[in-house]
Every structure is written in structure tokens, then in C-alpha cells.
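For reference, the structure is listed below as C-alpha cells.
Keep in mind that the numbers below use all heavy atoms, side chains included, and drop hydrogens, waters and symmetry copies. All values derive from a computational prediction rather than experimental measurement. Quick note on labels: first sequence line is chain A, next is B, and so on, each numbered from 1.
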Protein chains: 2
Amino acid sequence: PRQFAVIGIGRFGASVATTLYEMGNDVLAIDSSEAKVEGIVDKVTHAAVADSTSEIALKSLGITNFDVVIVSIGQDIQASILTTLLLKELGVGYIVAKARTMLHGKVLQKIGADRIVFPERDMGIRVAHNLVAANVLDFIELSPEYSIVEIIVPQYMVGKSLRELDLRARHDLNVLAIRSADKKINVTPAATDRMQRGDVMIVVGKNDKIQALSRE
Amino acid sequence: PRQFAVIGIGRFGASVATTLYEMGNDVLAIDSSEAKVEGIVDKVTHAAVADSTSEIALKSLGITNFDVVIVSIGQDIQASILTTLLLKELGVGYIVAKARTMLHGKVLQKIGADRIVFPERDMGIRVAHNLVAANVLDFIELSPEYSIVEIIVPQYMVGKSLRELDLRARHDLNVLAIRSADKKINVTPAATDRMQRGDVMIVVGKNDKIQALSRE
Ligand SMILES: Nc1ncnc2c1ncn2[C@@H]1O[C@H](COP(=O)(O)OP(=O)(O)OP(=O)(O)O)[C@@H](O)[C@H]1O
Ligand SMILES: Nc1ncnc2c1ncn2[C@@H]1O[C@H](COP(=O)(O)OP(=O)(O)OP(=O)(O)O)[C@@H](O)[C@H]1O
């Protein structure tokens with residue numbers, strides 16, 4: 001089970017921290033403001049007051065024990081950059097950083113953040129898609145009847161093409177994408193694409209159909 | 001084809017406006033700042049300088065002709081609320097409003113916004129989900145290479161089954177759902193389902209493949 005730390009409990013950081021915690025993960029929330037820390041302490045595993053631009057503070061929090069650290073400091077771009085740099089130098093495995101501007105994002109990427117998030121810009125893209133595609137994705141994600149799941153390709157499917165497997169016809173399932181063992185994601189795979197060992201299919205369908213497939 | 005207007009060209013508003021436009025929709029961008037309007041004029045259909053809290057300004061822009069209006073005014077909560085109220089009173093069909101705080105969101109909902117967006121909070125939830133289970137839908141939605149679009153079923157497809165149309169094989173497109181004329185949504189349609197007159201296919205695929213299909 002992975003351990004997460006969130007630095008900067010603004011609206012974005014608070015949301016990441018509490019959502020991860022509600023999903024059953026261990027979460028440490030860090031902020032330089034006591035008020036912010038007190039406000040979140042019941043909604044995460046631990047919460048600590050600290051200045052993340054201090055290497056000593058980060059070390060004393062055992063930050064290198066965390067698999068993923070999310071840097072969600074907003075207004076103070078310098079603090080965001082310095083914190084990210086420190087985390088990289090301390091050897092944190094995976095760093096997610098929120099950026100205010102494209103330039104801020106470029107700097108974060110260059111100094112080693114593994115994923116950059118632009119909440120306003122990214123949500124804008126998502127809302128635009130929702131408005132055009134009749135909320136089908138929301139419909140799928142929010143509907144209790146449907147699920148999107150990852151299924152490790154079973155032995156009998158290896159070497160077969162999607163056309164041969166005919167999942168839509170046989171199981172009423174739709175293969176949205178295939179993620180290969182090297183983590184590459186093939187979205188809307190072609191009918192002739194063959195399953196490889198170690199592939200993971202990302203499939204959408206009605207719950208009972210998904211259950212049926214996993215039982216095979 | 002629906003007409004969209006976006007009021008408030010901050011990072012969120014700019015992103016909604018340009019994404020909708022890139023997807024082939026008509027978009028009017030409105031902002032009280034000339035600099036903002038000049039900055040977006042090449043990336044939307046039209047851009048206008050106006051104060052959205054003025055009913056006269058909204059009327060002169062023909063705001064009631066728009067199917068969807070997105071209110072993405074940020075810091076000025078009063079302007080956001082007043083604009084939303086005016087749009088509702090003028091009879092705009094569907095209003096999306098961005099909120100800064102939960103309280104702001106509650107007010108917007110009460111005065112008639114159809115959808116409230118909390119970019120930082122909503123992205124926090126999405127990022128948390130992404131960190132726990134690679135979310136292909138985000139990958140699709142945020143990738144500039146892929147689109148999810150609605151395509152009105154052309155005459156030559158009516159009466160044919162998905163299997164016969166073989167869109168995945170012939171066009172590298174994945175039919176996520178079919179919305180029939182009575183607005184019912186059939187998610188993960190079966191391979192034997194036949195297209196009806198008036199059906200709309202909701203399709204995901206690479207942009208060039210989607211262009212190719214719409215040209216047919
Ligand atoms: N050096 C630091 N160490 C720890 N926390 C910090 C540091 N600098 C800023 N923070 C915290 O980061 C949090 C988020 O920053 P801020 O509120 O400026 O961002 P924001 O972009 O407005 O946030 P959001 O948009 O997510 O609500 C604040 O609670 C702030 O106290
Ligand atoms: N009354 C108004 N009429 C038209 N535009 C307005 C009005 N009030 C504010 N705006 C515009 O709304 C835009 C977005 O507002 P602002 O920059 O305060 O929001 P923000 O929350 O920082 O945006 P984002 O987070 O999306 O970048 C600004 O470009 C501003 O000029």
C-alpha cells in the first residue's frame with residue numbers, strides 16, 4: 001500500500017489529500033499554516049505544520065519514505081519550485097506538482113516533477129469535452145450500473161487479436177485501451193492489434209458482464 | 001450545431017473556449033479586459049469586450065441565441081453571481097458556472113446555474129483517482145491527439161449493425177455509446193445493435209480518424 005504526502009493544503013491539495021484518504025490510503029498533509037493543518041487533521045492519516053522549503057523540516061518528516069509527494073503550493077511559485085527541487089534531490093520516487101502558469105510548469109518539469117497539473121486549464125478541457133459528448137463519460141463514471149476496470153490479459157487471450165476475441169459481441173464489453181507491460185497506453189486499439197503477455201485491458205461495461213469476464 | 005459563449009477569459013475560461021473551438025464548435029469569448037480579448041481572438045470564432053454584469057451589454061451580444069453559456073469569472077464573486085442571474089432571467093438554456101468556494105457554488109446553484117465547476121477541487125479528486133488507478137478517460141480527455149465526439153448517424157449507416165459497420169477495424173474508432181432520438185443513451189452498445197435514423201454515435205478516436213469519418 002502506497003504512502004502519499006501532500007504539501008500545501010489549498011483547495012487542490014486538500015481535495016487530493018482527503019480523496020486519497022477516503023480511498024483507503026495513508027496520507028500525510030503538510031502546510032506552513034497551523035489553521036490549514038488543524039482544518040484537515042480529521043480527514044487524513046496525519047497532518048503536520050512545516051515549511052517545505054526547509055530541507056531539515058522535510059527530512060524530519062521522513063519525506064523520503066513516501067512513494068508519492070504532491071506539491072500543491074499555489075501563489076508562492078518560488079516555494080513550489082524550491083520544494084520540488086528539494087524532493088527530487090532527496091530522492092522521492094514520484095512527484096506531482098501543481099503549476100500556476102505554463103512557465104511555472106516548464107520549470108517544474110525541468111527540475112524533475114513527474115507530473116504537472118494545471119487545475120484550471122485541465123478542468124476547462126474536461127468541461128469542454130463534457131459539454132460536447134453529452135456527459136457520457138460522467139454517465140459511465142457516475143453510474144452504479146457501469147464500471148471501467150483494468151483486467152490483466154488472461155493466458156488464453158495472449159496472441160489473439162481484438163477482432164478474434166470479439167469482446168463486444170461475446171461479452172458486451174468495450175475495450176477502451178490496452179496498457180502494455182512497459183506502461184505505454186494504446187487508446188482505441190485497432191481490431192487487428194494482438195494481446196501480449198503482461199497487457200492490461202481497460203474495459204467499460206455493465207457490472208454483471210465485467211463480473212462474468214473476470215470469472216472466466 | 002450548438003453555439004457556446006464563454007464569459008471571463010481566465011485560465012479556465014480560455015481553456016473551455018479554445019477547446020470547444022478546436023472541436024469544431026462556434027464560440028464567442030467575452031471579457032471586460034481588452035488584453036484578454038485580443039489574446040484569444042484567433043482561437044475562437046468571435047471575441048468581444050463587454051461587462052457581463054450589464055444586461056444591455058448581454059442583450060446587444062445576442063446572448064440568448066447561445067445554447068450554452070459558461071461563466072468563468074473568478075475573483076469577482078459578485079460579478080459571477082450577478083452575471084449568472086442575468087443569464088437565467090434572459091432565458092439562456094444551459095448555464096455552467098465556475099465557483100471559488102463552496103458558498104459561492106451554493107449561491108450559483110440556487111440562482112439557476114445548471115452545472116457548477118470547482119476546478120481546483122474537481123482536479124484534486126481526479127488526480128487522486130489517477131494516482132490510484134491509471135484513468136484512461138483523463139488520458140483521452142486531456143490528450144490533444146484524441147477526441148470524443150458526437151456524430152449524427154449518416155444515411156448509409158442506418159439499419160446496419162455495429163458489427164457490419166466495423167468502425168474499429170475500418171476507421172480506428174471506438175463507439176462508446178449511441179444516443180437515440182428519444183435521448184436514451186445506450187452505453188457499450190452490442191455488436192448486433194442496429195443504427196436507427198436520428199441516432200447519434202459518441203465516438204472516441206484519434207483526431208485525424210474522426211476528421212476522416214466526418215468527411216465521408
Ligand atoms: N513553504 C511552504 N510550506 C508549506 N506550505 C506552504 C508553503 N507555502 C505555501 N504553503 C501553503 O500552500 C497552500 C496552498 O497555497 P495557496 O493557497 O497559495 O494556493 P492556491 O493556488 O490558492 O491553492 P488552490 O488554488 O489549490 O486553492 C496554502 O495553504 C499555504 O499555506
Ligand atoms: N464583469 C465582467 N465582465 C466580463 N469579464 C469579467 C468581468 N469580471 C471579471 N471578468 C474577467 O474574468 C476573467 C477571469 O477572472 P479572474 O482572472 O479573476 O479569475 P481566476 O479565477 O483567476 O481565473 P482562472 O483561475 O480561470 O485563471 C478575467 O479575465 C476578467 O477580466
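Considering all non-hydrogen atoms of both residues, B:Arg11 and A:Arg100 come closest at NH1-O, 2.8 Å. Across B:Asn174 and A:Leu176, no two heavy atoms sit closer than the pair ND2-CA, 3.8 Å. In terms of heavy atoms, B:Pro119 sits closest to A:Glu120 at CB-CA, 4.1 Å. The nearest pair of heavy atoms linking A:Leu20 to B:Ala128 is CD2-O, 3.7 Å. Residues B:Asp172 and A:Thr188 come closest through the heavy atom pair O-OG1, 3.9 Å.
By the 6.0 Å contact criterion, CD1 on B:Ile152 is open, its count of non-hydrogen atoms from other residues, nucleotides or ligands being 12 or less.
Using a 4.5 Å heavy-atom threshold, the side chains of B:Ile70 and A:Leu131 count as touching. Residues B:Thr19 and A:Val127 form no side-chain contact, since every pair of their non-hydrogen atoms from C-beta on lies 4.5 Å or further apart. Annotation: side chain of A:Arg163 is in contact with side chain of B:Asp166 (closest heavy-atom distance under 4.5 Å).
Proximity to chain B (any heavy atom under 4.5 Å) is restricted, for A:Asn25, to the side chain, taken from C-beta onward. Both the backbone and the side chain of B:Arg121 come within contact range of chain A, judged by heavy atoms closer than 4.5 Å. In this structure, chain B has a heavy atom under 4.5 Å from the side chain of A:Val96, while its backbone stays farther away.
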Practice task
Evaluate side-chain contact (heavy atoms from CB on, under 4.5 Å) for A:Lys98 paired with B:Met123, printing each intermediate quantity in order.
Solution key: CA-CA 10 Å; A:Lys98 172 184 124 134; B:Met123 269 313 282; over 6 Å; no

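Chosen from B:Asp193, B:Thr192, B:Val175, the residue pairing most often with chain A at heavy-atom distances under 4.5 Å is B:Val175. When the candidates B:Ser15, B:Gly74, B:Ala17 are compared by the number of heavy-atom contacts under 4.5 Å with chain A, B:Ser15 comes out ahead.
Atom CZ in B:Phe12 sits 11.0 Å away from atom CG in A:Asp122 (nearest 0.5 Å).
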